[in-house]
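Step one of this worksheet: look at the structure below.
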Amino acid sequence: MPELPEVETIMRNLRRGNGASPLPGQRIERVTIRWPRHIAEPSVGSFRRRIRDRTIVDVRRRGKYFVFPLDHGTLLIHLRMSGDLQLTERGTPSGPYDRTVFHLKSGQQLRFSDARKLGKVFLLDDPETLLGKLGPEPLDADFTPQVLSSRLASHRRALKPLLLDQSFLAGLGNIYTDEALHRAQLHPLRRSDSLNQDEVNTLWRGIRDALYQGLRHNGASIDWVYRGGNFQHYFRVYQRSGKPCLACGTTIERILVNQRGTHYCPTCQPEVST
DNA sequence: AGCGTCACCCGGACGC
DNA sequence: TGCGTCCGGGTGACGC
């Protein structure tokens, strides 16, 4: 499932062009919409009309969103569970899950494929109506341990659901949350306002380390969808239940936390009486 | 505020 | 071989 490192990796490829021409500067001629419910805003008809002849000015990421500032308005795409974005050369055979295809003046196509159809596409005048709800970027320089500390203290939730909450912190999903908590040696059910300063610092480090390692390996390819990365070979806890902890040998456990599969090491991440 | 639940989806795993 | 069933997971809506 595309989380920050996967979205960032795909974003960099689009920006560079990766063999094809870079996406910034390219013009959209028209769009093919094979699954209209992908278009979240505006209406499909309005979207189709307004996207014509727009120039893609830049390619960015905010949280798990792709952000494409246009000469008029901003295109935003969220991959959710099973989405992928590819920049393809003229004549590339279409895939079975290509849902929305942007035909570019260059002959290339920007293809949004999404097997499970949960992704979303937006065309907004003001992207902040969407992006403004997001919490800080965990890799930004102004995301300091102090920022994390004060945000943690203002909630009394378990760490796991809090870290998954995009308005608390933008970009973590199930994989990187579990990986970050293991690095920080914190139990997923630990209450956010119970951490001392050392533990906050360790959590900050754990979040950044997990994300940086994901980025270094171009993200994780755990579904049949995104195939670009190999971070899945370096998971310490995610989908490793029943296997030995790489740090201490204890068997990794899987529990449900707010209906989310949660993987952790009972020895490295002890339950704390708070 | 935070939690539980449901809905949206469908490929793949599993059981028979 | 082929069918039926369940699961996972990001997010938003809704109710408590």
Side-chain angles (χ1 to χ4, degrees), chain A residues 1-8 10-11 33-41 44 61-67 76-85 95-100 112-122 124 127 129-135 137-138 150-181 188-194 210-211 214 219-227 229 231-232 235 237-242 252-264 274:
Chain A
M1 30 247 63
E3 306 177 25
L4 188 154
E6 289 77 26
V7 175
E8 177 74 18
I10 296 168
M11 186 275 285
I33 299 169
R34 301 207 178 91
W35 181 251
R37 284 152 75 182
H38 257 169
I39 312 299
E41 203 180 329
V44 173
R61 178 194 59 77
R62 173 78 173 93
K64 301 175 194 170
Y65 284 94
F66 289 87
V67 182
L76 299 116
I77 298 180
H78 197 302
L79 302 181
R80 294 277 185 106
M81 290 294 305
S82 60
D84 195 8
L85 279 178
Y97 308 123
D98 291 347
R99 309 293 184 191
T100 300
F112 179 17
S113 67
D114 184 10
R116 291 180 188 169
K117 299 179 174 175
L118 292 172
K120 292 291 169 202
V121 179
F122 304 80
L124 303 178
T129 58
L130 212 58
L131 304 180
K133 299 170 188 165
L134 297 177
E137 281 292 321
S150 66
R151 293 182 78 86
L152 286 169
S154 69
H155 295 271
R156 31 172 46 189
R157 305 174 68 179
L159 288 175
K160 167 92 181 195
L162 193 56
L163 293 176
L164 283 175
D165 186 338
Q166 301 301 297
S167 68
F168 179 80
L169 191 61
L172 295 186
N174 219 29
I175 295 171
Y176 292 92
T177 300
D178 284 2
E179 292 295 315
L181 286 172
L189 289 175
R190 184 73 184 277
R191 251 179 62 163
S192 62
D193 57 351
S194 75
L211 291 173
S221 309
I222 61 158
D223 261 342
W224 69 100
V225 185
Y226 173 71
R227 305 268 47 145
F231 184 53
Q232 69 276 13
F235 289 161
V237 285
Y238 186 78
Q239 286 188 346
R240 292 197 65 248
S241 48
I252 300 296
E253 288 190 9
R254 181 182 187 275
I255 57 172
L256 278 181
V257 178
N258 290 7
Q259 330 288 10
R260 294 260 151 341
T262 299
H263 316 74
Y264 74 106
T274 26

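This structure is a prediction, so every number in the text was calculated from the model and none was measured. The sequence lines fix the lettering, A, B, ..., with proteins before strands; numbering per chain opens at 1.
Looking at the side chain of A/Lys117, the nearest of the listed nucleotides C/dG8, C/dG12, B/dC9 is B/dC9. Taking the side chain of A/Asn174 as heavy atoms from C-beta on, and the options B/dC9, C/dG10, B/dG2, the nearest nucleotide is C/dG10.
Between A/Arg116 and C/dG10 there is no side-chain N or O to OP1 or OP2 distance below 4.0 Å. Taking side-chain N and O atoms only, A/His78 has no distance below 4.0 Å to OP1 or OP2 of C/dG10. Contact check, A/Gln259 against B/dT5: a side-chain N or O comes under 4.0 Å of OP1 or OP2. Residue A/Tyr65 places no side-chain N or O under 4.0 Å from the OP1 or OP2 atom of C/dG10. Remark: A/Arg157 is in phosphate contact with B/dC3, judged by side-chain N or O atoms under 4.0 Å from OP1 or OP2. Remark: A/Gln166 is in phosphate contact with C/dT11, judged by side-chain N or O atoms under 4.0 Å from OP1 or OP2. A/Lys64 has a side-chain polar atom (N or O) that falls below the 4.0 Å cut-off from OP1 or OP2 of C/dT11.
A donor-acceptor pair under 3.5 Å is formed between the side chain of A/Arg99 and the backbone N or O of A/Ala115. With hydrogens and angles ignored, the 3.5 Å screen pairs no side-chain donor or acceptor of A/Asn258 with any backbone N or O of A/Pro161. With hydrogens and angles disregarded, no donor-acceptor distance shorter than 3.5 Å links the side chain of A/Glu137 to the backbone of A/Leu169.
Residue contacts for A/Tyr176: at a heavy-atom cut-off of 4.0 Å it reaches no nucleic acid atom on any strand shown.
The NZ-P distance, from A/Lys133 to C/dG12, rounds to 7 Å in whole Å. Spacing between atom CE of A/Met81 and atom P of C/dG12 amounts to 15 Å, rounded to whole angstrom units. One can place CG of A/Asn258 at 14 Å from P of B/dC6, the figure rounded to the nearest angstrom. Between A/Glu6 atom CD and C/dG10 atom P there is a gap of 11 Å when expressed in whole angstrom units. The CG-P distance, from A/Leu172 to C/dG9, rounds to 15 Å in whole Å. Nucleotide C/dG8 holds its C1' atom 17 Å from the CD atom of A/Gln232, rounded to whole Å. For A/Leu256 and B/dC3, the CG to C1' distance is 15 Å, given to the nearest whole Å. Nucleotide C/dG10 holds its P atom 15 Å from the CG atom of A/Leu162, rounded to whole Å.
Toward the 5′ end of DNA chain B lies the nearest nucleotide of A/Pro161, the other residue of the pair A/Pro161 and A/Arg80 mapping further downstream.
In summary, the aromatic rings of A/Tyr176 and A/Phe231 are positioned with their centroids under 6.0 Å apart.
For A/Arg260 and C/dG10, a side-chain-to-base donor-acceptor distance below 3.5 Å is present, hydrogens and geometry of angles not being considered.
Each of A/Glu179, A/Glu3, A/Lys160 was scored for a side chain to side chain donor-acceptor pair (under 3.5 Å) with A/Asn174, with one residue passing: A/Lys160.
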